[in-house]
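All heavy atoms count here, side chains included; hydrogens, waters and symmetry mates do not. Atoms within a ligand are numbered from 1 in the order they appear, just like the ligands themselves.
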Amino acid sequence: MKMSVKNINCKISMVHSQYFEKCYTYFNSRNISLRDRIIIRVLQYKFIFHSGFISRKSTFYLIRNLLVKLATSILRILLVSTLIRDVPYSFPSSSPVTGSFDFIVVGGGTAGSAVAARLSETEATVLLLEAGGSAPPESVVPFAWAPVLALGQASVTVASEPEDNAALSSPGRKNIAYFGRVIGGASTVNGMAFVRGSGYDFDSWKDLGNEGWDYRSVLPYFKKLENYQAERTPSLEKYRGFAGPVSVSQVQRWGKLRSAIKAAAAELGVAFNTVGGKSNIGISWADLAVKNGVRSSASESYLRPAATRSNLRVLTRATVTRIIFDEQKKARGVEYTFNGQTHRVVATKEVVLSAGALFTPQLLMLSGVGPPQMLTERGIEVVSALPGVGQNLDNHPGFVMHWRVKPGVTISIKDIFNPKTYIEYNSKRSGVLSGPFGTIAHNFVNLGGGNPDWPDLNLPWTLRPSVPTPNIDKKTNVQLIGLPVLHDTLTTRVVLMRPRSRGLVSLRSADVADPPLIRNNFFQDPYDLKLMVKGIRETFRVMNTSAMREILLPQPDTSLKACLRYGRDTDGYWECFVRHVVGQDAHHCCTAKMSPPTDPMGVVSPRLLVRGVSGLRVVDASVMPHVVSANTMASTYMVAEKASDMIKQDWGYPVQQLY
Ligand SMILES: Cc1cc2nc3c(=O)[nH]c(=O)nc-3n(C[C@H](O)[C@H](O)[C@H](O)COP(=O)(O)OP(=O)(O)OC[C@H]3O[C@@H](n4cnc5c(N)ncnc54)[C@H](O)[C@@H]3O)c2cc1C
């Protein structure tokens, strides 16, 4: 299908000028020509000004978007100018690929890059098809992720359906989700926080009937994938890897803050730096997927070293539209679009689906694997009736609390526009740009009861100046930050690790260009809301230690006016507060969950083979039965490493002995 304005059928059904739903693919796709881009932009503005949509609100968003674009463009130029030494590997894709390969991996993201590279260690031929392009040069700069990458061309944004119980301060009560659409996927645009789940998460996966996924069985794969940039000690060697492809290091500098957090842990009687062991309970200084001030993404860690192998072919800007099944329901290959043309390619052994927790279920459903009634309603022929496809969407709801701090404790706006920042990064790969614009320390706690070593909340500290939270209206943002807005801020977050509520991913239509429908269902189970309120009270307890008070300035009144009717500092007030400001952490998972055959909602077996068909596996965050109590990248790499060995074993290729 040639993508052009004529067949786009692009009803601009947006909540406000920032977010396109039906048209998002086209704006984020490099398959679209410059001429069509210009026409769509003109249509967009025509729509805003001539549809009765024009209002102070839409004008505000237009101006705000222009200013954001201007600021990010300036930042991008500054960042790119610091990159003379480290440019990400580029995957030139000038012509389409046809013919046959032993394995076709769909999606060159976090998991897909790892699987393709590992499979190419054998003599099998491997094709990796990725919808996005090569990584933008600034992606190597750790600090760049939020302002430049997550909001830029390397990712797509998709609005959820309106929330029933949350997002009260978001336009249309919709949560906005970010997904990497670039080689390396989310690992190229994410916050780089590298933290494993608790060992009890994996034991729970096994208890749900998934043999081989308990902590003891997955630990060797966590070690295999990691190259920890620290001195080897016997206690570290028990848990951490030192020879794997993904480089990981502790956050450098910010000594004042580190000392304060360490002292707060001591004051609270909480363990410091526990992340990596079986129980991650306690306070820890963050590890990042960074080496010597440069991001370690999946494409740099796995694909760059494998790129010269003649049996591995990587095609970027190739969007897979469906999996092709034969009469026996065996996956025979895929159909994809490249430069506006449709092509087919054959898999002689397996198709591996690694398009992430949103797009993997979309592709399964578009190929006839999913809830039968929904497929029939969309005019899609059912190949395998699997009601669980797209169900069980799990994630980490969370929100930010702002704290004013003394100078030198955190990043300030002045640092960002100071030429010295760029000179220091350029010459030494150190300074502000070498660190995060996000998580700097974790605080994993259990406040809900049960196993006290298994966290149900993370209350991390994040480094960012007093920037507004995206997708929350201006009025609420101002109340949350407190006036005047430009000052040095430390933020803490309250993030639910093991929500009981579950959402779903479904199809809007049979058109691959329509973004899938996301329903988060945050706080459908009221337990989740109550636990978040406990997290707020625990945050105040931590921030009230004398160690933390030492770095704080007097705080302005940041009450949320809409909630004051419940009375200050009551549980009712805080529940109302959370329902207004909660967003999500882009840790989507579990939409094609693994499970034993007895679970009717399972999608893949514990060997990650899709039920009811053959020759098709899912390898990405979708297969997790429930979200881990940590950020999800490290566990996604672990899934990819373990799956690669399973695939090799199933096809008789040798695997490295890890036990
Ligand atoms: C902005 C952001 C910040 C985050 N921060 C952190 C963090 O700090 N720490 C952490 O641990 N986790 C973080 N995460 C979460 C973590 O990165 C993800 O859970 C994990 O990387 C997901 O890996 P995946 O392989 O499942 O999917 P992805 O990495 O998203 O890979 C999917 C790939 O498939 C491609 N694709 C999709 N559809 C098609 C198609 N039809 N045809 C071809 N290709 C297709 C996509 O372009 C993408 O490259 C963050 C995520 C985001 C988006």
Side-chain angles (χ1 to χ4, degrees), residues 25 28-29 104-115 128-133 135 142 145-146 149-152 154-158 176-197 246 248 286-290 295 297-299 315-323 334-338 352-364 366-367 394-396 436-439 442 460 462 470 512-513 515-516 584-592 618-624 627-628 630-637 639-640 643:
T25 308
N28 289 290
S29 161
I104 298 175
V105 180
V106 177
T110 312
S113 301
V115 174
L128 176 64
L129 296 170
E130 164 55 40
W145 81 272
L149 294 169
L151 300 175
S155 63
V156 286
T157 49
V158 184
I176 303 299
Y178 301 93
F179 297 89
R181 181 139 292 203
V182 61
I183 197 79
S187 76
T188 301
V189 299
N190 72 11
M192 298 155 295
F194 186 93
V195 45
R196 298 169 182 183
V246 182
V248 178
D287 283 327
L288 299 182
V290 166
R295 176 193 290 267
S297 68
S299 56
L315 187 68
T316 55
R317 298 179 195 179
T319 303
V320 173
T321 49
R322 71 183 182 100
I323 300 145
V334 301
E335 200 171 83
Y336 70 95
T337 58
F338 180 81
V352 178
L353 207 42
S354 300
L358 183 64
F359 299 100
T360 280
Q362 182 196 31
L363 276 174
L364 283 171
L366 288 172
S367 313
D394 211 351
N395 200 342
H396 292 142
F437 184 91
T439 306
H442 301 277
T462 52
V512 71
Q584 42 77 43
D585 253 22
H587 296 163
H588 305 82
C589 69
C590 315
T591 47
V618 176
V619 181
D620 60 24
S622 325
V623 302
M624 300 179 187
V627 72
V628 291
N631 313 42
T632 41
M633 172 178 63
S635 298
T636 307
Y637 277 131
V639 166

Those residues at least two apart in sequence (or on a different chain) that pass side chain to side chain contact (heavy atoms under 4.5 Å, CB included) with Ser367 are Arg322, Ile323, Phe325
Option of least heavy-atom distance to [atom] (set: [options]):
atom	options	value
atom 29 (O) of ligand 1	Thr319, Thr110, Thr316	Thr110
atom 35 (C) of ligand 1	Arg322, Arg317, Glu130	Glu130
atom 37 (C) of ligand 1	His588, Met624, Arg181	Arg181
atom 32 (C) of ligand 1	Gly107, Ala154, Ala355	Ala355
atom 50 (C) of ligand 1	Val639, Val106, Leu129, Asn190	Asn190

Residue-level breakdown please: for [X] versus ligand 1, do any non-hydrogen atoms fall below 4.0 Å on the side chain, on the backbone, on both, or on neither?
X	result
Thr439	neither
Ser155	neither
Gln362	neither
Ser622	neither

List for me each residue that meets side-chain hydrogen bond (donor to acceptor under 3.5 Å, both in side chains) alongside Ser299, sequence neighbours excluded, and say none if there are none. Ser297
Option from Thr360, Val115, Thr591 for which side-chain contact (heavy atoms from CB on, under 4.5 Å) with Asp620 holds: Thr360
With the threshold set at under 4.0 angstrom, would you say Val182 reaches ligand 1 through any of its heavy atoms? yes
At less than 4.0 angstrom from any non-hydrogen atom of Tyr178, what atoms of ligand 1 do you find? 53 (C)
If we only count N/O pairs under 3.5 Å, is Val189 in contact with ligand 1? no
Can you say whether the rings of Phe179 and His588 are parallel (under 30°), tilted (30 to 60°) or perpendicular (over 60°)? tilted
